[in-house]
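Scope of the values below: all heavy atoms of this structure, side chains included, with no hydrogens, waters or symmetry mates. Just so it is clear: chains get the letters A, B, ... in the order the sequence lines come, proteins before strands, and each one is counted from 1.
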Amino acid sequence: MKTVAVMGAAAFLDTYGVELAKAINEVKDYWHICWLNGAACTGCTISFAQSVNPGLLEIFTSILVGNSGLPIVLPDYMETLQPASGTLAEELINRWKKGSKGRRILIVEGAVPKKGFCQIHGKDFYEHLQDVAPYADHVIAFGACACFGGVPSAKPNPTGVRGVQEFFKEAGINKQVINIPCCPGNPDHLVITLSAVMLGEKIELDKYNRPKVFFGKLMHDDLCPYRPYYDRGIFAEKPGEEGCRYKIGCKGPMTHTDCALRKWNGHLSYCVEVGAPCIGCAEPGFPDNFEPFYKPVAELPAVLGFGPEKIGEGILAATAAGIAIHGIRHVMSKKSEDREKKR
Amino acid sequence: MAEYVEVYRHSIFYRICHWSIVITGFILAFTGMQMGGLYGIRILPNGGVLAVHLAVGMIFGGLWFLMFYYIVVKEWKWFGLQRIPYAIKFLIAESLAWLGIGPHIEDPRGYDPEKGEYVEKIIPTEVMVWWIYFALAMLMGITGLAMYFRAQFAPLYSIAGAIGQFFGTSNGYAVIRAVHRLGMYLFAMVMFMHVYAVIIFQVLGSMITGKRMERVKTKS
């Protein structure tokens, strides 16, 4: 994992793909995956499925166990991609539950709403989660919604959604969740985390349970390719222009992520690269804490709707007016004093 | 007619400190505005504005430290914290007089040539101005360093995040950055008032030459 941090995922996969394949090959047992979808847009599934150069994903599915013809990683249950449907699909969860102990991975996409919302097969999503969680040996929350609530948790949060870890705490489920945020989640983040889990590598997490190798660096200070523009004071005035995106609301200065290295859609591009500002989707509190998206970071705290810039300008205008009034009166009183003296 | 005497009022060290703070303050203001993307200001079109801002910021901090040391050692009698209540009383009385609901207080400044010392060296409100400047310099220094050295200032981020919840954000960085920006405007506000006061109280020349014609007074 340290090497991943140093090299970045793409370079790591290119360089060590063969060695990883060998290492995973030596594990030689099935790993069972249950992928649940809660309150989300399914963009994370799409992001994962659209990884055109999947690297490790390809490795996972091409390593077969014995003469079974089955890949080492079995996606036992995945609502959006599995061919089965209805009751048959629900039975697949039982297959996952019966998987080898220590090798059952639960991946959750989407937030967990309160009772009465997000019903699947006649049960609330939280009930599904409660049902499978005890069997999970490893839990991965994939995407901003599963990690911290994401877009569905935005004020006023009518369905009362929260992230998986928070739900586990409320429900008294004592399991650690590996949070892989971003909106959508990045396939490299997930595939490398999965491989680390399978190889028994220790994944160092930050205080929000995010793998430090992906979320340990501050976008603005450490990775942003547009940082030189900031240092030179060159700013894009509107999305799409060349320059640092700070002025159009980039939240890179408060976002820990490696998006600039990772990129999406087969390492093609990411938000900032296409001219948009970073909206902080890797951080807890997204989106509420990062709105308005198109206002600079310093304008986020406001008093009666006014940011520091407007307040400061108001103070300066009042000062200038006060000085002008005082100055005029001072001059007038001096003149009248002079007239008095002449008399 | 009042009698006046020329007095050496400001040492060369103090004057150099003062004008160096003015110059570095302007550089900080303009590089800061460039970095914040404010008002289209670009004083360093091809250079590393952050590097300049940081380096000059360190010099600015050092100059404030020197000035603070000088004030404590040489001028504490006039600028000490114990004089703040007196300064506030003076400000209130003058404000009332300005509004026409009280008498003007006579300019208290004066020099006793026999004793070779000031009876009163400054307009009392200068005490407040100095301490407000000092507090703002500290505020700008701490918030500026915190933005650059995040790990070392982690506790400040926690405090800022907690305070930020009252202002629509729980992100410590956003709060620290906002305070730094607001501090810039407050600095400018105090500077405007300072410049205006310097003109109407006729002390600009003494900060250049060090000398001023002071009214002769004796301690009563």
Side-chain angles (χ1 to χ4, degrees), chain A residues 218 220-221 227-228 230-237 243-248 251 253-256 280 283-285 288-292 295-320 322-327 329-331 333-334, chain B residues 30-54 98 104 147-148 150-151 157 160-161 163-193 195-197 199-200:
Chain A
L218 194 73
H220 177 72
D221 285 351
R227 175 61 191 249
Y230 175 85
D231 291 345
R232 290 161 63 192
I234 300 168
F235 296 93
E237 296 288 334
C244 169
R245 276 67 163 149
Y246 174 80
K247 243 181 127 174
I248 54 169
K251 304 302 184 294
M254 49 210 264
T255 305
H256 294 82
E283 290 293 325
D288 289 343
N289 287 356
F290 298 84
E291 288 174 334
K295 278 200 170 183
V297 171
E299 296 296 307
L300 293 186
V303 179
L304 302 173
F306 296 105
E309 203 177 306
K310 287 279 168 248
I311 294 171
E313 285 168 354
I315 289 170
L316 284 192
T319 307
I323 288 173
I325 293 165
H326 192 278
R329 199 160 155 189
H330 183 76
V331 170
S333 64
K334 276 271 175 205
Chain B
F30 283 100
T31 51
M33 285 191 280
Q34 182 169 344
M35 278 200 299
L38 291 171
Y39 312 117
I41 285 170
R42 286 194 68 198
I43 60 164
L44 294 169
N46 300 311
V49 70
L50 174 67
V52 173
H53 192 76
L54 275 170
W98 196 79
H104 272 291
M147 283 194 285
Y148 199 72
R150 295 185 192 221
Y157 277 79
I163 294 169
Q165 286 175 353
F166 298 104
F167 303 101
T169 182
S170 57
N171 190 287
Y173 181 83
V175 174
I176 289 170
R177 189 157 187 143
V179 170
H180 194 75
R181 183 169 287 191
L182 184 61
M184 177 193 75
Y185 286 105
L186 295 176
F187 227 108
M189 176 196 76
V190 181
M191 188 197 71
F192 284 157
M193 293 197 297
V195 169
Y196 176 67
I199 293 165
I200 63 165

### Query
Can you check whether R227(A) reaches L50(B) side chain to side chain, under 4.5 Å on heavy atoms?
yes
### Query
Just wondering, do Y185(B) and I311(A) contact through their side chains at under 4.5 Å, heavy atoms?
no
### Message
Heavy-atom cut-off 4.5 Å, strictly under: side chain, backbone, both or neither for I325(A) against chain B?
### Response
both
### Task
May I ask you to test the L300(A)-P292(A) pair for a side-chain heavy-atom distance under 4.5 Å?
yes
### Any F290(A) side-chain heavy atom under 4.5 Å of M254(A) side chain
yes
### Message
Counting heavy-atom pairs closer than 4.5 Å to chain B, which one of H326(A), H330(A), K247(A) comes out on top?
### Response
H326(A)
### Task
Answer with side chain, backbone, both or neither: which region of F235(A) has an atom nearer than 4.5 Å to a non-hydrogen atom of chain B?
side chain
#### Entry: Portion of E309(A) that has a non-hydrogen atom of chain B nearer than 4.5 angstrom
both
### Query
Between R150(B) and Y173(B), is NZ or CZ placed under 6.0 angstrom from the six-membered ring centre and within 45° of the ring axis?
yes
### Task
Measure Y196(B) against the heavy atoms of chain A and call it side chain, backbone, both or neither at under 4.5 Å.
side chain
### Summary
Most contact-rich option vs chain A, by heavy-atom pairs under 4.5 angstrom, among T31(B), N171(B), V175(B), is N171(B)
### Task
Examine whether an atom of L218(A) lies under 4.5 Å from a heavy atom of chain B, and if so say whether it belongs to the side chain, the backbone or both; otherwise answer neither.
side chain
#### Entry: Interface residue of largest heavy-atom contact number with chain B, from P296(A), G285(A), G307(A), G327(A), under 4.5 Å
G327(A)
### Query
Do the side chain of Q34(B) and the main chain of V49(B) share a donor and acceptor less than 3.5 angstrom apart?
no
### Task
Examine whether an atom of Y157(B) lies under 4.5 Å from a heavy atom of chain A, and if so say whether it belongs to the side chain, the backbone or both; otherwise answer neither.
neither
### Message
So for I43(B), is it side chain, backbone, both, or neither that comes closer than 4.5 Å to the heavy atoms of chain A?
### Response
neither
### Query
Is there a side chain to side chain contact (heavy atoms under 4.5 Å, CB included) between T255(A) and H220(A) once you walk through the steps?
CA-CA 8 Å; T255(A) 305; H220(A) 177 72; over 6 Å; no
### Heavy-atom closest contact (L182(B) atom, P308(A) atom, distance)
CD1-O, 3.8 Å
### Residue E283(A) versus chain B: region with a heavy atom under 4.5 Å
neither
